[in-house]
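Have a look at the structure below, then the notes.
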Amino acid sequence: MVLELEEKDWYCHLSLQNNRPDNPLWKSEPIVVVVQNNQLALADDYKAETLIYINGKAASEAALQKISPEFVDEVFVLRKLEYGSDAAYEPKPYRVLIQTSPNLLPFTKSRSRFFTLLQAAAVSKHPFGETYSFNMNQLLEATFFHNKNALVERTKNQHLKLSDEFSDKTDVYINGIPVKPEEVTSVHVREVARLYTRERPFTDWFRADQPSSRFELNIQTAPKRAKRDSSYYVFSPFYSGDF
């Protein structure tokens with residue numbers, strides 16, 4: 001089935017193959033199949049866009065959820081190519097193909113790494129990591145629309161605050177100096193020259209031994225800016241502070 005789909009402009013961007021035990025993870029997102037409570041499942045955002053095949057036969061998500069990783073022999077996740085003038089529209093552009101085993105399979109290094117990725121993908125949309133950058137006006141817009149990628153919120157007095165959901169899993173730096181999360185409130189939004197956020201790869205934070213914080217927040221400031229006429233420096237319609 002994989003070969004047939006690949007001949008029809010589908011490509012495999014995630015796989016677990018028993019004849020290639022040392023094959024590295026293909027770092028391609030999104031991860032549409034995840035592991036929750038030791039059972040396979042589809043990621044919420046892709047349930048309506050994915051067809052499932054188990055042992056070569058079409059199957060439901062309910063059938064997928066009955067499979068535990070210990071009995072998974074091989075996994076192939078394919079995606080339809082979207083570009084090209086002759087590319088036909090495909091309403092369900094993802095295929096998840098699972099081959100099971102009647103016997104319990106041992107967790108080799110590659111199998112453990114693969115299913116750890118799927119566990120992390122149940123928590124994060126970007127298990128391989130992601131970075132974002134905001135200048136002051138972009139940050140004003142991000143906080144106005146509650147963009148979680150910024151990791152921060154704006155308080156009523158126009159200072160920043162690390163969002164509660166990230167407060168215990170974020171390393172914070174202000175001008176390159178590590179600080180406590182609560183010190184973010186000392187920064188006025190108009191003082192921000194650039195704000196960087198990073199979600200680290202799952203190999204750093206989804207681990208039992210010495211896990212790193214999942215996120216990193218770095219704020220570069222221009223302190224004198226907040227003391228000047230904000231009408232000259234603030235161009236965003238999403239700023240509601242005093243001028």
Side-chain angles (χ1 to χ4, degrees), residues 1-84 86-130 199 201-208 211 214:
M1 289 186 70
V2 172
L3 295 176
E4 290 175 358
L5 287 169
E6 288 180 333
E7 290 178 355
K8 299 176 182 177
D9 293 328
W10 293 71
Y11 69 96
C12 186
H13 75 132
L14 186 69
S15 66
L16 173 68
Q17 302 179 49
N18 57 21
N19 61 342
R20 299 180 66 183
D22 297 323
N23 187 40
L25 292 175
W26 295 16
K27 296 186 177 182
S28 181
E29 296 180 0
I31 309 297
V32 303
V33 60
V34 300
V35 172
Q36 294 177 320
N37 300 320
N38 201 40
Q39 295 175 322
L40 297 181
L42 293 181
D44 290 340
D45 291 346
Y46 301 96
K47 291 178 183 289
E49 301 179 18
T50 305
L51 292 180
I52 302 166
Y53 293 86
I54 299 175
N55 298 328
K57 298 181 180 180
S60 65
E61 186 182 8
L64 178 69
Q65 292 174 339
K66 294 179 181 179
I67 303 174
S68 63
E70 293 88 344
F71 292 93
V72 173
D73 188 21
E74 292 190 313
V75 179
F76 297 89
V77 180
L78 293 98
R79 184 175 185 176
K80 183 75 164 60
L81 291 172
E82 299 176 354
Y83 49 83
D86 58 345
Y89 170 70
E90 174 56 62
K92 294 183 181 291
Y94 296 97
R95 299 286 186 272
V96 174
L97 281 64
I98 308 289
Q99 189 73 26
T100 65
S101 168
N103 302 314
L104 197 70
L105 296 173
F107 277 98
T108 62
K109 182 178 180 180
S110 59
R111 284 176 57 83
S112 296
R113 183 178 54 182
F114 181 83
F115 288 112
T116 299
L117 167 64
L118 299 196
Q119 286 180 297
V123 178
S124 169
K125 292 182 179 180
H126 303 289
F128 294 119
E130 188 61 278
E199 180 174 1
F202 79 100
T203 48
D204 289 347
W205 56 268
F206 199 87
R207 53 190 300 169
R214 179 178 163 190

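Rounded to the nearest 0.5 angstrom, Leu16 CG and Ser110 OG are separated by 6.5 Å. The structure places CD of Glu49 at 8.5 Å from CZ of Arg79, a figure rounded to the nearest 0.5 Å. To the nearest 0.5 Å, the span separating OG on Ser15 from CG on Leu97 amounts to 11.5 Å.
Heavy atoms only, all atoms of each residue included: His13 and Pro30 are closest at CE1-O, 3.0 Å. Heavy atoms only, all atoms of each residue included: Ala41 and Gln36 are closest at CB-OE1, 3.9 Å. Closest of all the heavy-atom pairs between Ala208 and Pro211 is O-CD, 4.0 Å.
Taking 4.5 Å as the limit, some side-chain heavy atom of Glu29 sits within range of a side-chain heavy atom of Pro127. Using a 4.5 Å cut-off on side-chain heavy atoms (C-beta onward), Glu199 and Arg214 make contact. Val123 has its side chain within reach of Trp205: a pair of non-hydrogen atoms, C-beta onward, lies under 4.5 Å apart.
In this structure, the side chain to side chain donor-acceptor pair (under 3.5 Å) partners of Asp45, at least two apart in sequence or on a different chain, are Lys125. Scored by the side chain to side chain donor-acceptor pair (under 3.5 Å) test, Ser112 finds no partners at all (sequence neighbours excluded). Not counting sequence neighbours, the partners of Asp73 by the side chain to side chain donor-acceptor pair (under 3.5 Å) test are Asn18. Here Thr100 pairs with Ile54, Asn55, Ile67, Ile98 under the side chain to side chain contact (heavy atoms under 4.5 Å, CB included) rule; sequence neighbours left out. Residues forming a side chain to side chain donor-acceptor pair (under 3.5 Å) with Lys47 (at least two apart in sequence, or on another chain): Glu61. When the side chain to side chain contact (heavy atoms under 4.5 Å, CB included) test is applied to Thr116, the partners found at least two apart in sequence or on another chain are Gln119, Phe202, Phe206. By the side chain to side chain contact (heavy atoms under 4.5 Å, CB included) test, Pro69 pairs with Val35, Asn38, Phe107, Phe115, sequence neighbours left out.
Screening residues 49-78 for ring-ring contact (aromatic ring centres under 6.0 Å, His included) gives no qualifying pairs among residues at least two apart or on separate chains. Annotation: salt bridge (Lys or Arg N to Asp or Glu O under 4.0 Å) contacts involving residues 92-107, sequence neighbours excluded, comprise Glu90-Arg95.
Proximity of a side-chain donor or acceptor of Arg207 to a complementary backbone N or O of Thr203 within less than 3.5 Å is detected.
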side-chain contact (heavy atoms from CB on, under 4.5 Å) between Phe128 and Ile31, worked out: CA-CA 10 Å; Phe128 294 119; Ile31 309 297; 4.0 Å; yes
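Residue Leu14 is tested with Val77, Val75, Leu78, Val96 for a side chain to side chain contact (heavy atoms under 4.5 Å, CB included); the sole match is Val77.
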